[in-house]
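Computed over heavy atoms, backbone and side chain alike; hydrogens, waters and symmetry mates excluded. Position 1 is the first residue of the sequence; numbering continues from there.
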Amino acid sequence: MTPDRAAGLADTRRALADGEVTSRALVERTLARIEATQPSLNAFRIVRAEAALAEADAADREPAAGTRRPLLGVPVAVKDDMDVAGEPTAFGCRGDFPPAAADGEAVRRLRAAGAVIVGKTNTCELGQWPFTEGPAFGDTRNPWHTGHTPGGSSGGSAAAVAAGLVPAALGSDGAGSVRIPASWTHLIGIKPQRGRISTWPRGESFHGITVHGTLARTVADAALLLDAASGNHERDPHRPPPLTVADAVGRDPGRLRIALSLKPPFTPVPARLHPQIRARVVELAAKLADLGHEVEEADPPYGQIGLTFLPRATAGIAERVREAPDPALLDPRTRGTARLGRLLAGAPLRVARRAEAVLHRRIGAFFRSYDVILAPTTAAPPPQIGALAGLGGLATDRAMIAACPYAWPWNVLGWPGVNVPAGFAGPGLPVGAQLLGPAHSEPLLVSLAARLEAELRWHERWPPARAYTDRPAL
């Protein structure tokens, strides 16, 4: 365990349990790393220095009383769309947001597991875009190359984990917002089954397309954080059967039928898969075949699935805009999306929600022939800082769809997906691939991802520290 980079979640937990280190020492190191990298990475919106140290001291007292909790004393971060008692939930926006009166359910469960919440990470305004930039907090940068974005909208969480500021973090995923930044920062990103991690105090976030998920350097760490945060509030509308996903790490997934899907779902904007990303995903497919799996090219029958996504996403934005303390401070693109969302919030939204059952049956039938889908996570490597942030509404949508056409259908379906590192494109820019499965398939996806990790050892490669300890690259 080195002072300049956090050990993994499982290793940190073991070191604490064995008495090799105290929670206070770990939190002090974490806060020092955050402070040292804020000028270059800008991963955090809120740093809870005083509160986190007090929580660490309390955690250090517990073992003497015989207390054993799964993440006791481990520092973690959460995205700034999650309520942390006493802190504002600004969700990337400007304005005077009041402090949250109570923890959201996911944060409450992390605390119940003993975790110390060191801070809230940056996200773009209302989580809309695959970059983490905005006038409320500035530019969050990619530890692998600070001239590029870490992605979005969970870009702050991804940057914090990739740079080793914290061992793991929670993000949220409404159209790929965990998987996209995971792919662009060389991380594992788990988007779980809808309802696996509660989004309470919102029973449904963005009409069910957004879920909370985990980012970590290893499959085991991402699964461990997922298990700690999982569970439901008594009023949650989606309550999947409980799973212990970490048990699947190291389990043989068996011989699987894997569909290699390189064709983007239908979108109104043409999307071209970057040739180096295609090559990296095909190489992963070849590795899976070498491991004994049956791999063939096949695309799920998505149809016009995008028509069911748009009303849910835009109506969700409209609701969040109504709640903002000063909507006039919001990005013009946000206000434009909210206007569209108000138009689509009636009959189009009801039709979109009803269509989900049809999609479950049609795409679910694909899984009678295949066990898992392997697909690119994005069509392009991470863009440069500012490349999308300064565009108008239509131009932003076009650029976003062209770069990230692959992730969002699984948000409509509510099913699990796992980003795994696929290698690099261009000048050392990370790219990723998705393992996608049917309902409640997190254990299968995690066991397969862990098997790949054991072969490829992607977690052993770190971004060069000089890339983010010097001033940002322009």
(message) Here's a test for you: under side-chain hydrogen bond (donor to acceptor under 3.5 Å, both in side chains), which of Arg257, Glu296, Glu294 qualifies with Tyr370?
(response) Glu296
(message) Under the side-chain hydrogen bond (donor to acceptor under 3.5 Å, both in side chains) test against Lys120, which residue among Asp81, Asp83, Asp80 passes?
(response) Asp80
When you measure from the side chain of [X] to the backbone of [Y], do you find a donor-acceptor pair of N or O atoms at a distance under 3.5 Å?
X	Y	answer
Arg13	Gly8	no
Asp173	Val178	yes
Arg312	His207	yes

Nearest 0.5 Å please: distance from the [atom1] atom of [X] over to the [atom2] atom of [Y].
X	Y	atom1	atom2	value
Leu260	Leu288	CG	CG	9.5 Å
Arg141	Leu41	CZ	CG	9.5 Å
Arg333	Cys124	CZ	SG	9.0 Å
Thr123	Gln128	OG1	CD	9.5 Å
Lys191	Ser172	NZ	OG	11.5 Å
Asn122	Thr140	CG	OG1	4.0 Å

Salt bridge present between [X] and [Y] (N-O < 4.0 angstrom):
X	Y	result
Glu283	Lys287	no
Glu455	Arg451	yes
Glu356	Arg194	yes
Glu323	Arg202	yes
Glu234	Arg239	no

(message) Working note: Asn411 + Arg179, criterion side chain to side chain donor-acceptor pair (under 3.5 Å); need CA distance, chi angles, decisive distance, verdict.
(response) CA-CA 11 Å; Asn411 295 90; Arg179 290 162 290 157; 2.8 Å; yes
(message) Under 6.0 Å from the ring centre and within 45 degrees of the ring axis: does the NZ or CZ of Arg45 meet both conditions for the six-membered ring of Phe91?
(response) no
(message) Tell me whether Arg217 forms a cation-pi arrangement with Trp462, defined as NZ or CZ under 6.0 Å from the six-membered ring centre and within 45 degrees of its axis.
(response) yes
(message) Are Thr308 and Leu359 packed together at the side-chain level, in the sense that at least one heavy-atom pair is separated by less than 4.5 angstrom?
(response) yes
(message) Quick check on the 6.0 Å ring-centre criterion: do His186 and Trp144 meet it?
(response) yes
(request) Anything under 30° is parallel, anything over 60° is perpendicular, the rest tilted; go ahead and classify Trp129 against Phe131. (result) parallel
Using a distance-only test with no angle check, is there a side-chain donor-acceptor pair under 3.5 angstrom linking [X] and [Y]?
X	Y	result
Thr244	Asp227	no
Thr334	Glu125	yes
Ser157	Thr121	yes
Gln193	His238	no

(request) Kindly check if the number of other-residue, nucleotide or ligand heavy atoms within 6.0 Å of CZ (Arg335) is above 12? (result) yes
(message) Is it the case that atom CZ in Arg111 sees more than 12 heavy atoms from other parts of the structure closer than 6.0 Å?
(response) yes
(request) Report the C-alpha distance between His145 and Leu429 in whole Å, list the side-chain angles of each, state the deciding distance to 0.1 Å, and finish with yes or no for side-chain contact (heavy atoms from CB on, under 4.5 Å). (result) CA-CA 7 Å; His145 192 310; Leu429 297 173; 3.9 Å; yes
(request) May I have the step-by-step check of side chain to side chain donor-acceptor pair (under 3.5 Å) for Asp236 and Ser198, ending in yes or no? (result) CA-CA 7 Å; Asp236 277 339; Ser198 174; 2.8 Å; yes
(message) With side-chain contact (heavy atoms from CB on, under 4.5 Å) as the criterion, how do Leu284 and Val420 come out once you've worked through the C-alpha distance, each side chain's angles and the decisive distance to 0.1 Å?
(response) CA-CA 10 Å; Leu284 271 185; Val420 296; 4.0 Å; yes
(request) Can you tell me which residue pairs pass the salt bridge (Lys or Arg N to Asp or Glu O under 4.0 Å) test with a partner in residues 383-395, sequence neighbours excluded? (result) none
(message) The test is side-chain contact (heavy atoms from CB on, under 4.5 Å); show your working for Leu9 and Leu225 and say whether it passes.
(response) CA-CA 8 Å; Leu9 199 67; Leu225 189 65; 3.9 Å; yes
(message) According to ring pair (Phe, Tyr, Trp, His ring centres under 6.0 Å), who are the partners of Trp410, at least two apart in sequence or on a separate chain?
(response) Trp415
(message) Taking ring pair (Phe, Tyr, Trp, His ring centres under 6.0 Å) as the definition, give me every residue that meets it alongside Trp408, ordered by chain and number, with sequence neighbours left out.
(response) Phe309
(message) As a quick check of understanding, evaluate side chain to side chain donor-acceptor pair (under 3.5 Å) for Ser153 and Ser177, giving each step before the final call.
(response) CA-CA 5 Å; Ser153 62; Ser177 286; 3.0 Å; yes
(request) Report the C-alpha distance between Gln384 and Thr149 in whole Å, list the side-chain angles of each, state the deciding distance to 0.1 Å, and finish with yes or no for side chain to side chain donor-acceptor pair (under 3.5 Å). (result) CA-CA 6 Å; Gln384 290 186 333; Thr149 181; over 6 Å; no
